[in-house]
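First the proteins, then the strands, lettered A, B, ... as listed; each starts at 1. We use all heavy atoms of the structure for the numbers below, so side chains are in, but hydrogens, waters and symmetry mates are not.
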There are 2 protein chains.
Amino acid sequence: MSQGVEWALHTCLNLTWVDAPAPAGVLAAFYELPPAYLNKQLQALVRAGILTSVPGPRGGFQLARPPETISLLDIVTAIEGPEELLRCDQILTKGPGSHAGVDYRQSCAFAQAMRVADLAWRRELTAKTVADVRADVVRLHPSSPADTRSRIDALR
Amino acid sequence: MSQGVEWALHTCLNLTWVDAPAPAGVLAAFYELPPAYLNKQLQALVRAGILTSVPGPRGGFQLARPPETISLLDIVTAIEGPEELLRCDQILTKGPGSHAGVDYRQSCAFAQAMRVADLAWRRELTAKTVADVRADVVRLHPSSPADTRSRIDALR
DNA sequence: AGATCCTGGACATCTAGTATCCAGGAATGA
DNA sequence: TCATTCCTGGATACTAGATGTCCAGGATCT
């Protein structure tokens, strides 16, 4: 799974600590990431309705909605796309009794089993929101909110 | 996720219909797959203890154990390796308060959440065995056992 | 001995993820 | 109005991993 997901996850979390928009360069500097490339991931989050962007001075990115309404699956899907973990629908088109136009995701027993597992995975990621993770972080590292806020301000 | 998983899944299922070892070339011809490359995947299954290989004439690959004891996760892990779906433990080494040598998979709240989802996925794949899928196939396509057997014999 | 087939390494190719750069537009403040 | 800051989106290059091929060696069977 792509590295960009990890960046997007942590960046969304960082955005929960601040109120003003944060430029992509600041968010990248926080973890020493390549700014232009992180920017591309943030654009995907904007297209997905997770972030909003503000151009101009004092502009940047901010959360588009409350962290309680942003699930981890929202972020994963925004970066990785909606495809399933394992795509198992091609090989049977070459097997015996194959017919063009049939949806092999329906007739392949493996595809169905993999989809069950896929849905279990998505169910967990849907149940966990950015707000949940933020609460976990506060529990583990109580100084995190203030630390992150001041570090982002220092990078502006 | 790699295409080889799909090949391995279907090939293991095919091997449940026959008793004698089947050469890699025959198993590849069944789905019109590149023989040399499928062979590499089968070698991985052998190393994982899922298949056994027999050299020489009348040789080939066969299941190493009853299909009831082979889970879909066994096959996925043999091809893809044991890594988690999302590896989220690198970025925090660059963040504030980072220390070398610390296991960030323990301290990163996202890594923990992703692991929960990962385990849910693996739980489903562990619960489903090759024998289960074979039963599903028989239910959907009752002629499948005889069809597959005769087609493999025709390719020998 | 000869044929069949697995083993494992070396090698080539192709794709997707990673990363950079730049021209254009929008917002801010002087 | 003008300069500055910052997002947007396209073009481009690089890289790692997946995909695919080939071959020499060893094991097994007839």
* Between atom CG in B:L42 and atom P in D:dT19, what is the gap in whole Å? -> 14 Å
* side-chain hydrogen bond (donor to acceptor under 3.5 Å, both in side chains) evaluation trace for A:D132 with A:T129 -> CA-CA 5 Å; A:D132 294 332; A:T129 69; 3.2 Å; yes
* **From CE (B:M1) to CG (B:L85), nearest 0.5 Å** => 5.5 Å
* 5′-ward residue of the pair B:K40/A:R58 relative to DNA chain D -> A:R58
* Return the value, rounded to whole Å, for the distance between atom CD of A:Q43 and atom P of C:dA26. => 15 Å
* To do: Tell me yes or no: between the side chains of B:N14 and B:T11, is some donor less than 3.5 Å from an acceptor?
  => no
* To do: Taking only the side-chain heavy atoms of A:P57 (C-beta and beyond), determine which of D:dC22, C:dG25, D:dT4 contains the nearest atom.
  => D:dT4
* For atom CZ of A:R47 and atom C1' of D:dG9, their distance in whole Å -> 9 Å
* From CG (B:L119) to CD (B:E84), nearest 0.5 Å -> 7.5 Å
* Asked: To the nearest angstrom, how far is B:N39 atom CG from C:dG9 atom C1'?
  -> 13 Å
* Asked: Please give, in whole Å, the distance from D:dT8 C1' to A:L45 CG?
  -> 15 Å
* Asked: At under 4.0 Å between heavy atoms, what does B:G60 touch on the DNA or RNA strands: base, sugar-phosphate, or nothing?
  -> sugar-phosphate
* Asked: Just how far, in rounded Å, is P of C:dA16 from CE of B:M1?
  -> 16 Å
* Under 4.0 Å between a side-chain N or O of B:S53 and OP1 or OP2 of C:dC5? -> no
* For D:dT19, does OP1 or OP2 lie under 4.0 Å from any side-chain N or O of B:S2? -> yes
* C:dC5, C:dG17, D:dT21: which one has an atom nearest the side-chain heavy atoms of A:Y37? -> C:dG17
* Asked: For the pair made of CH2 in A:W7 and C1' in C:dT18, what is the distance, rounded to whole Å?
  -> 7 Å
* Whole-Å distance separating the CD atom of A:Q3 from the P atom of C:dT18 -> 6 Å
